[in-house]
Protein chains: 2
Amino acid sequence: MLTKSSTEVVRQQNSALVLSALRRKGSLSHTEIAEQTGLASATISVITAELERSGTIAKTEQHVQGGRGRPRVLFAPRRDCGYVIVVRISSDIVQYSLADYGGVLLDRFEEARSHDVSGTAAFGQVFVAALERLLQRSRIAKDRVLAVSISSKGLVAGDGARLLWSPVFGSEELDFAKLLGQDWRARIMLSNETLLVAQALAAKAEEKGDTFKALAAISLGHSIGLGLARKGRSGELDVFAPNFGHMLHASSAGLCRCGSFGCIEAAAGFYGILRAAFEVPSDTIPAKFVPLSEMDKIAAGARQGQRMPGYAFRQAGIALGNGISRLTSLYEPMPIFVTGQGTRYFDLLQKGVEEGLAQSLQVRLEGLPEITVVGDEQRLVFDGHLDRALSAVDSDITAAGHA
Amino acid sequence: MLTKSSTEVVRQQNSALVLSALRRKGSLSHTEIAEQTGLASATISVITAELERSGTIAKTEQHVQGGRGRPRVLFAPRRDCGYVIVVRISSDIVQYSLADYGGVLLDRFEEARSHDVSGTAAFGQVFVAALERLLQRSRIAKDRVLAVSISSKGLVAGDGARLLWSPVFGSEELDFAKLLGQDWRARIMLSNETLLVAQALAAKAEEKGDTFKALAAISLGHSIGLGLARKGRSGELDVFAPNFGHMLHASSAGLCRCGSFGCIEAAAGFYGILRAAFEVPSDTIPAKFVPLSEMDKIAAGARQGQRMPGYAFRQAGIALGNGISRLTSLYEPMPIFVTGQGTRYFDLLQKGVEEGLAQSLQVRLEGLPEITVVGDEQRLVFDGHLDRALSAVDSDITAAGHA
DNA sequence: GGCTTTTTTCTCGACAGTCGAGAAAATAAA
DNA sequence: TTTATTTTCTCGACTGTCGAGAAAAAAGCC
């Protein structure tokens, strides 16, 4: 069902437009905003005045200009308009970061995840305490935090902030919205890690002016993650993380640590490669953790032409290739970006990937998708966090309007 | 990138809202429109006046009412506002239908597809001639046709009206927009057949007030089709047909008639079941056509407990189940509706389907998706055609506005 | 039949939003 | 100090939605 529209919606949309332009470019003058948004000058005046009054943006004093005529005055988001907390949960550490509304990192610390204290309840307490500490260190009141953006590997519920399955907690559900409860008025967001990579890549592509309809990020490591960014009909970006690592590949891939048989991860995750390389029976319960040095050894063997290591990487590549072919079958052909620790073995995977891709009609008709390896996954994840959290905050602000 | 909004967009959106309400319910009074759309009475007056002036809707004379007070006057789409042509291309027959703007069928004829005259060029001529004939029979001018909606099984380009691959023409591309060229001002639409089933089912669900986020239609027959209907964030319906039948299942499924190995269709399409039942080597070139009576025999054998026929249906079910599990992994859990001639064997497929589904983590976490068999596929396809074509026409009308 | 009641539709003025044009502001160049 | 140039701001026009009440049209009542 369509929904009714009104002048208020128009204002909201155009305010959001101005704010997002300002966020992308950092700071813009009145005329630049008009250029960017396509809105009339008069409209810009009204909207900037309102955003300024509500304390969301401010005129900056710097009048950098050479030409003659009245100097441009720049608008920029007010950095002290609010704050954002970013939490990256990985298998061994949890990283807490505090950034301001301008996206500037203010503080950061990490805590090792003690593996003996397991269970979601215990983690919940540690988590809440860490957030409090982060605020105290910078002397920021809790209600000035506009969003808390959390990421983990695993399966995240599409709607709220519930972690359904993760390598860290298994299928013990963890509801962050409930965890922070009434105490925080901030918007609580939980995202799959690779979703954030896709978000960051999409944002960069838009910034560069690259046009794309869809894009996928695949993270290779102990587990396999997928993030998808697609543009809707009206050009708005939809970023989400369907279940890829635990999508069924082939039952021959063996037992996965999620308990199912034949997941992509069971063939292409580190433990899957390890298992295949050492010819361990494929129904063996997978290793909890594979040190990178171990993987490097297998890779070295494969590069020297040893049979089983080579075979293991090739099988992993085929699993990925098949998975990508299914992805492009069910969505559409799109460029693929590969990140994560596993990319250091991409030379070994590549042939298998292409082999796995070539089997499908889609690929035969449309050609191989473009696959690019991108480094610095952690940076991309953090950028994605900020992009996602701040756009959410922006839309909260424009939705609230003058209420 | 967001796009700028204005009062014109508001009007367009609200006009579309009124028109779609009118289309759904057939005819509504002023007050009923206000109820349905949530718009103010005054707004309804303005919008209906404009649509009436442009000849899109009209007041009907019938004042069916018992109560007292001023009688309601009903608005309805003007049936003679324009016409829509629907073409269903199937492997043996092409059906041409003419309907008016009210969705009422005016004329219909079918032409057998002569299998000796193959090739897209020849078909193109026959096709164009048939359209002309359809118009002549009802004495309707070509420029009064607002949309031509064509359906075929196979792979359709997401953008235009290009048939990329079909069981009928193979990978010889067929561009209907180009075929009809400048002669027709109508909007040319090409859809996968199963997409239209999904469209019709989604429309029916909306009508019934059922709430759903997504829904899939799967058509079983000689080939396997998929249609997906999903609601976007703002509640608008997106219906599309990703490649499912030729998505990779497992290379053990054997040679598919598309030329690839291991497509779902190669296991679950009629020819795949036939091949498995008769233990034909799986790299045999598939049968072009399998009579239903032949399938019935195999099914009878399976129901009597014969080994290979039972095995064939079970393998087909597993292929479907695996495919559906991959679909719900990469999208989200959603109800599945099964149509097509193959549904008469669904009892034989079901166990395999459930087995194929149960292998995946997604299903273990969220449970088996609801699978419903629905009959009368042809009717659903036609309903989907009308729904899709007429909504497209409606949005063309509201977009044109008072230009 | 004429008046009242009831229900629906239409109309008017208020309000919100965008836009184009031109006024006002602010600086560099002459 | 004046002029030219560029940017920002302001005003009136236009379009759109909304609420309230007027007008219309039929049924009920006397």
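Order of the sequence lines sets the chain letters (A, B, ...), proteins ahead of strands, with each chain counted from 1.
Between the two ends of the helix from C/dG1-D/dC30 to C/dA30-D/dT1, each summarised by a five-pair axis, the helix axis turns through 30° (rounded to 10 degrees).
Judged as a salt bridge (charged side-chain N to carboxylate O under 4.0 Å, His left out), and not counting sequence neighbours, A/K4 has no contacts. Applying the side-chain hydrogen bond (donor to acceptor under 3.5 Å, both in side chains) criterion to A/Q12, with sequence neighbours excluded, gives no partner residue. Applying the side-chain contact (heavy atoms from CB on, under 4.5 Å) test to A/V46 and every residue at least two apart in sequence or in another chain returns A/R11. Residues that satisfy the salt bridge (charged side-chain N to carboxylate O under 4.0 Å, His left out) test with A/D183, not counting sequence neighbours, are absent from this structure. Considering only residues two or more places apart in sequence or on other chains, A/A49 meets the side-chain contact (heavy atoms from CB on, under 4.5 Å) condition with none of them. In this structure, B/R139 has no salt bridge (charged side-chain N to carboxylate O under 4.0 Å, His left out) partners at least two apart in sequence or on a different chain. Applying the salt bridge (charged side-chain N to carboxylate O under 4.0 Å, His left out) criterion to A/R185, with sequence neighbours excluded, gives no partner residue. Residues satisfying the side-chain contact (heavy atoms from CB on, under 4.5 Å) criterion with B/A58, sequence neighbours excluded, are B/R78. Judged as a ring pair (Phe, Tyr, Trp, His ring centres under 6.0 Å), and not counting sequence neighbours, B/F240 has no contacts.
The distance between atom CD of A/E8 and atom P of C/dT18, rounded to the nearest whole Å, is 11 Å. Between A/E52 atom CD and D/dC9 atom C1' there is a gap of 13 Å when expressed in whole angstrom units. A/K59 places its NZ atom 9 Å from the P atom of D/dT8, with the value rounded to the nearest Å. Summarising the geometry, the separation between CG on A/L74 and P on D/dT6 is reported as 18 Å, rounded to the nearest angstrom. Counting to the nearest Å, the P atom of C/dT9 and the CD1 atom of B/I33 are 9 Å from each other. Between the CD atom of A/E50 and the P atom of C/dT18 there is a distance of 10 Å, given to the nearest Å. The distance from atom CZ of B/R11 to atom C1' of D/dC14 is 13 Å, rounded to the nearest whole Å. The interatomic distance linking A/R68 (CZ) with D/dT2 (P) rounds to 17 Å, in whole Å.
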Sort me out a list of protein N/O and nucleotides 18-20 of chain D N/O pairs below 3.5 Å, or just none if empty.
from	atom 1	to	atom 2	distance (Å)
D/dC18	OP1	A/K4	NZ	3.2
D/dC18	OP2	B/A40	N	3.1
D/dC18	OP2	B/T43	OG1	3.0

Taking only N/O atoms, report every protein-nucleotides 23-25 of chain D pair under 3.5 Å with atom names and distance.
from	atom 1	to	atom 2	distance (Å)
D/dA24	O4'	B/R70	NH1	3.3
D/dA25	N3	B/R70	N	3.2

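Seen from the ring of B/Y101, B/R144 does not count as a face-on cation partner, given the 6.0 Å and 45° thresholds.
Among the nucleotides C/dG17, D/dT10, D/dT8, the one closest to any side-chain atom of A/S45 is D/dT10. Comparing C/dT18, D/dT17, D/dT8 by their nearest atom to the side chain of B/I47 picks out D/dT17.
Residue whose closest nucleotide on DNA chain D sits further toward the 5' end, between B/T7 and A/T48: A/T48.
The existence of a salt bridge linking A/E236 and A/R230 is excluded, since no basic side-chain nitrogen approaches an acidic carboxylate oxygen closer than 4.0 Å.
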